[in-house]
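Each chain gets a letter, A, B and so on, in the order its sequence line appears, and its residues count up from 1.
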Amino acid sequence: MLKKKIIFLLGPTGIGKSAVAVSLAKKVNAEIISCDSMQVYRKMDIITSKVTSGQRKKVKHHLLGVIDPEQEYNVAKYRRDALAICDKLLAKGKIPLFVGGTGLYYSIIVDGLFPAVPQDKAIRAKLEKQLKLKGCKYLYRRLVRVDSAAAAKIHQHDTRRIIRALEVYLKTGIRISQLQKSRVGLGKDYALKIFGLNSKRQSLYAAIDRRVDKMFSLGLINELKRLLKHKLSRTAKCAIGIRELKGCFAGEYSLAEGKRLMQRNSRHYAKRQLTWFRKDKRIQWININKTETPAQIALKLWKKLSW
RNA sequence: GCCGAGAUAGCUCAGUGGUAGAGCGCGGCCCUGAAAAGGCCGGCGUGGGGGGUCCGAUUCCCUCUCUCGGCA
């Protein structure tokens with residue numbers, strides 16, 4: 001039996017994935033599923049560089065602006081939502097084209113997520129209180145006692161992961177290091193084609209800087225002022241630009257400085273994305289140069305789509 | 001032209017008579033319910049050129065070059 005096809009288009013922020021994706025999707029009768037932790041939010045169009053409504057008319061996009069910024073969102077929700085859409089597309093004969101730069105979201109789609117241990121607010125609150133009172137070393141030592149395998153992988157300053165590992169253990173009595181061994185991805189049942197877009201670091205960084213400039217000319221400030229009237233969830237407020245520009249609004253530094261920080265943090269983010277993707281040997285990398293149009297790049301990808 | 005200040009890591013600068021550091025930048029890495037988050041690691045640089053003093057100079061002295069400020 002022929003396996004059903006799924007395509008992934010990955011790459012760092014600002015590389016130009018979105019435009020290429022639209023062009024590719026038209027060629028192969030695909031619909032796009034965003035693989036981006038921030039573009040899921042409503043009212044955050046400019047700040048997250050969502051594709052224009054014009055492009056959305058050409059190809060159907062999923063998981064763009066579907067969550068209110070007051071709501072929290074996370075990997076588990078993404079996996080649930082994305083796979084539901086993926087199934088629907090496959091059922092009607094469309095190819096799902098995952099496009100984005102959130103490495104973890106990509107990974108839990110392709111490789112799976114370990115059995116559900118949702119957050120537990122009460123346990124978290126307790127752990128966070130202990131963190132404040134006794135410091136991260138105390139929590140780390142606790143983790144070493146209950147799950148030394150997890151502790152060996154987590155740095156003692158990485159409080160987020162220490163807390164999660166403890167949370168999982170306290171809630172279920174099972175070690176997170178044990179649970180992490182069982183994950184089921186798509187690879188077995190589907191034919192996956194995974195592309196990564198990259199370019200010279202220098203031109204990537206230049207593109208990122210330019211894109212931030214463009215956000216400002218598109219009305220970033222107004223969008224943000226409107227957005228900040230809402231109480232943002234702790235996930236939504238992580239989008240690059242919010243923290244940076246809040247400082248300007250508070251009069252701590254100039255707008256120019258805020259923009260500089262946005263550009264710098266976006267560059268750092270791109271670098272981390274590349275580190276994440278680099279170790280995944282399934283990705284077929286396409287190096288692009290600035291003279292190529294999205295359509296030309298899409299054509300290149302299309303030619304590599306022999307299933 | 002004269003007076004003053006300076007010339008040290010890609011940038012801004014600190015410091016010391018026994019061959020150098022900090023921030024930023026930059027690079028590498030980790031990653032399973034916050035992931036655009038969070039965490040870790042990485043600095044041999046002709047200490048502007050030349051000469052002198054000294055066991056030894058980036059550090060003291062002389063000189064040249066350049067930069068900045070002031071005066072003409």
Side-chain angles (χ1 to χ4, degrees), chain A residues 11-14 34-41 44 46-50 67 69 71-82 100-121 123-124 128 131 136 139-140 147 150-168 171-172 174-185 201-202 204-205 208-209 211-212 215 232-245 257 260-280:
Chain A
T13 183
S34 166
C35 184
D36 187 297
S37 65
M38 290 300 153
Q39 293 192 358
V40 293
Y41 287 109
M44 292 171 59
I46 298 170
I47 200 168
T48 64
S49 294
K50 276 182 212 157
I67 306 291
Q71 299 298 119
E72 281 197 15
Y73 201 70
N74 62 40
V75 246
K77 290 179 179 170
Y78 177 75
R79 181 174 158 84
R80 177 200 64 201
D81 296 342
T102 301
L104 180 63
Y105 284 13
Y106 151 73
S107 137
I108 59 97
I109 292 296
V110 171
D111 296 319
L113 188 66
F114 70 76
V117 181
Q119 273 182 51
D120 184 304
K121 290 245 153 82
I123 293 176
R124 284 234 160 178
E128 265 154 29
L131 174 67
C136 64
L139 285 184
Y140 187 73
D147 185 350
K153 276 178 63 187
I154 300 172
H155 191 274
Q156 56 174 335
H157 293 166
D158 198 346
T159 52
R160 297 244 169 122
R161 291 196 173 76
I162 295 170
I163 286 178
R164 162 105 269 239
L166 284 171
E167 174 188 49
V168 168
K171 180 149 193 193
T172 63
I174 306 170
R175 298 180 182 93
I176 193 170
S177 57
Q178 193 59 39
L179 289 169
Q180 282 171 344
K181 287 177 187 162
S182 51
R183 52 194 306 200
V184 180
R201 192 62 63 91
Q202 214 183 0
L204 172 64
Y205 283 0
I208 288 171
D209 289 350
R211 194 163 80 154
V212 173
M215 288 182 192
L232 300 182
S233 69
R234 67 174 183 170
T235 44
K237 71 176 165 208
C238 286
I240 291 174
I242 292 178
R243 216 182 342 187
E244 291 82 353
L245 292 183
E257 174 65 4
R260 208 205 101 235
L261 291 171
M262 270 184 81
Q263 291 172 324
R264 184 197 66 185
N265 293 343
S266 300
R267 292 192 301 264
H268 288 176
Y269 170 49
K271 192 165 117 54
R272 267 181 280 129
Q273 288 176 297
L274 287 167
T275 298
W276 178 285
F277 292 133
R278 198 154 30 217
K279 69 180 171 197
D280 191 323

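- The distance between atom CZ of F114(A) and atom P of rG33(B), rounded to the nearest whole Å, is 5 Å.
- Because its glycosidic torsion is within 90° of 0, rG33(B) is reported here as syn.
- With hydrogens and angles ignored, the 3.5 Å screen pairs no side-chain donor or acceptor of Q156(A) with any backbone N or O of Y140(A).
- The stretch residues 157-164 of chain A touches RNA chain B through H157(A), D158(A), R160(A), R161(A), R164(A), each having a heavy atom under 4.0 angstrom from the strand.
- S266(A) and R211(A) share no donor-acceptor pair across their side chains, judged by distance under 3.5 Å alone.
- Taking atom C1' on both rA57(B) and rG48(B), the two are 16 Å apart, rounded to the nearest angstrom.
- As judged by a 4.0 angstrom heavy-atom cut-off over every strand, T48(A) is placed among the base-contacting residues.
- For the residue pair T235(A)/Y41(A), the side-chain donor-acceptor check at 3.5 Å is satisfied.
- Distance R234(A) CZ to rG38(B) C1': 12 Å, rounded to the nearest Å.
- Residues that satisfy the side-chain hydrogen bond (donor to acceptor under 3.5 Å, both in side chains) test with E257(A), not counting sequence neighbours, are R260(A).
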Atom pairs, N/O to N/O, protein against nucleotides 27-29 of chain B, distance under 3.5 Å?
residue: rG27(B); atom: OP1; partner: R201(A); partner atom: NH1; Å: 3.2
residue: rG27(B); atom: OP1; partner: Y205(A); partner atom: OH; Å: 3.2
residue: rG27(B); atom: OP2; partner: Y205(A); partner atom: OH; Å: 2.9
residue: rG28(B); atom: OP1; partner: R201(A); partner atom: NH2; Å: 3.4
residue: rG28(B); atom: OP2; partner: R201(A); partner atom: NH1; Å: 3.0
residue: rG28(B); atom: OP2; partner: R201(A); partner atom: NH2; Å: 3.4
residue: rG28(B); atom: N7; partner: K271(A); partner atom: NZ; Å: 2.5
residue: rC29(B); atom: OP2; partner: R278(A); partner atom: NE; Å: 3.2
residue: rC29(B); atom: OP2; partner: R278(A); partner atom: NH2; Å: 2.2

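- With both pairing distances under 3.5 Å, rG48(B) is matched to rC64(B) as a Watson-Crick or G-U wobble pair.
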Residue pair L204(A), K271(A): steps toward the side chain to side chain contact (heavy atoms under 4.5 Å, CB included) verdict: CA-CA 10 Å; L204(A) 172 64; K271(A) 192 165 117 54; over 6 Å; no
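- Of all the heavy atoms in C136(A) and T159(A), the pair that sits closest is CB-CG2, 3.5 Å.
- Residues forming a ring pair (Phe, Tyr, Trp, His ring centres under 6.0 Å) with H268(A) (at least two apart in sequence, or on another chain): none.
- Annotation: rC40(B) and rG45(B) have their P atoms spaced 26 Å apart (nearest Å).
- For rC71(B), the paired nucleotide is rG1(B), the pair qualifying as Watson-Crick or G-U wobble because both relevant distances are below 3.5 Å.
- Counting all heavy atoms, side chain and backbone alike, S233(A) lies closest to E72(A) at CB-N, 3.7 Å.
- Between the CG atom of N74(A) and the C1' atom of rG38(B) there is a distance of 15 Å, given to the nearest Å.
- In terms of phosphate contacts, Y105(A) brings a side-chain nitrogen or oxygen within less than 4.0 Å of OP1 or OP2 of rA35(B).
- Taking CG of D209(A) as the reference point, atom CZ of R267(A) lies at 5.0 Å (rounded to 0.5 Å).
- In this structure, Q202(A) reaches neither bases nor backbone, as no heavy-atom distance under 4.0 Å exists between it and the strands shown.
- Spacing of P atoms, rC61(B) relative to rG18(B), comes out at 16 Å, to the nearest Å.
- Listed by chain and number, the residues in a salt bridge (Lys or Arg N to Asp or Glu O under 4.0 Å) with D158(A) are R161(A) (sequence neighbours excluded).
- Dashed line: the shortest gap from a side-chain N or O of K279(A) to OP1 or OP2 of rC31(B) is under 4.0 Å.
- Nucleotide rC29(B) is matched to rG39(B) when pairs are restricted to Watson-Crick or G-U wobble geometry with both distances under 3.5 angstrom.
- When each of I176(A) and N265(A) is assigned the nucleotide of RNA chain B with its nearest heavy atom, I176(A) is the one assigned upstream, toward the 5' end.
- Distance noted for atom C1' between rA7(B) and rU46(B): 15 Å (whole Å).
- V168(A) comes within 4.0 angstrom of no nucleic acid atom, judged by non-hydrogen atoms across all strands.
- For Y78(A), the ring pair (Phe, Tyr, Trp, His ring centres under 6.0 Å) partners two or more places apart in sequence, or in a different chain, are Y105(A).
- Comparing the same atom, P, in rG49(B) and in rA9(B) gives a spacing of 11 Å after rounding to whole Å.
- Along RNA chain B, the nucleotide nearest to L179(A) and the one nearest to T102(A) differ in position, and the one closer to the 5' end is contacted by L179(A).
- rG23(B) and rC29(B) have their C1' atoms separated by 22 Å, given to the nearest Å.
- In this structure, R80(A) reaches neither bases nor backbone, as no heavy-atom distance under 4.0 Å exists between it and the strands shown.
- rC30(B) atom P lies 15 Å from atom CD of Q273(A), rounded to whole Å.
- When the P atom of rA37(B) is taken as reference, atom CH2 of W276(A) falls 13 Å away, rounded to whole Å.
- Pair assignment for rU16(B) gives none, since no Watson-Crick or G-U wobble pairing has each distance under 3.5 Å.
- Here the CD atom belonging to E244(A) is positioned 11.0 Å from the CD atom belonging to Q263(A), to the nearest 0.5 angstrom.
- For K237(A) and rG38(B), the NZ to C1' distance is 15 Å, given to the nearest whole Å.
- Remark: P of rA37(B) and CD1 of I242(A) are 11 Å apart, rounded to the nearest angstrom.
- Within the 4.0 angstrom heavy-atom criterion, base atoms lie near L113(A).
- Remark: P of rU32(B) and CG of D111(A) are 13 Å apart, rounded to the nearest angstrom.
- For the P atoms, the distance linking rC64(B) with rC2(B) amounts to 10 Å, nearest Å.
- Base-pair partner of rC24(B): rG10(B) (Watson-Crick or G-U wobble, both distances under 3.5 Å).
- As rounded to the nearest Å, rC71(B) and rU58(B) have C1' atoms that lie 33 Å from one another.
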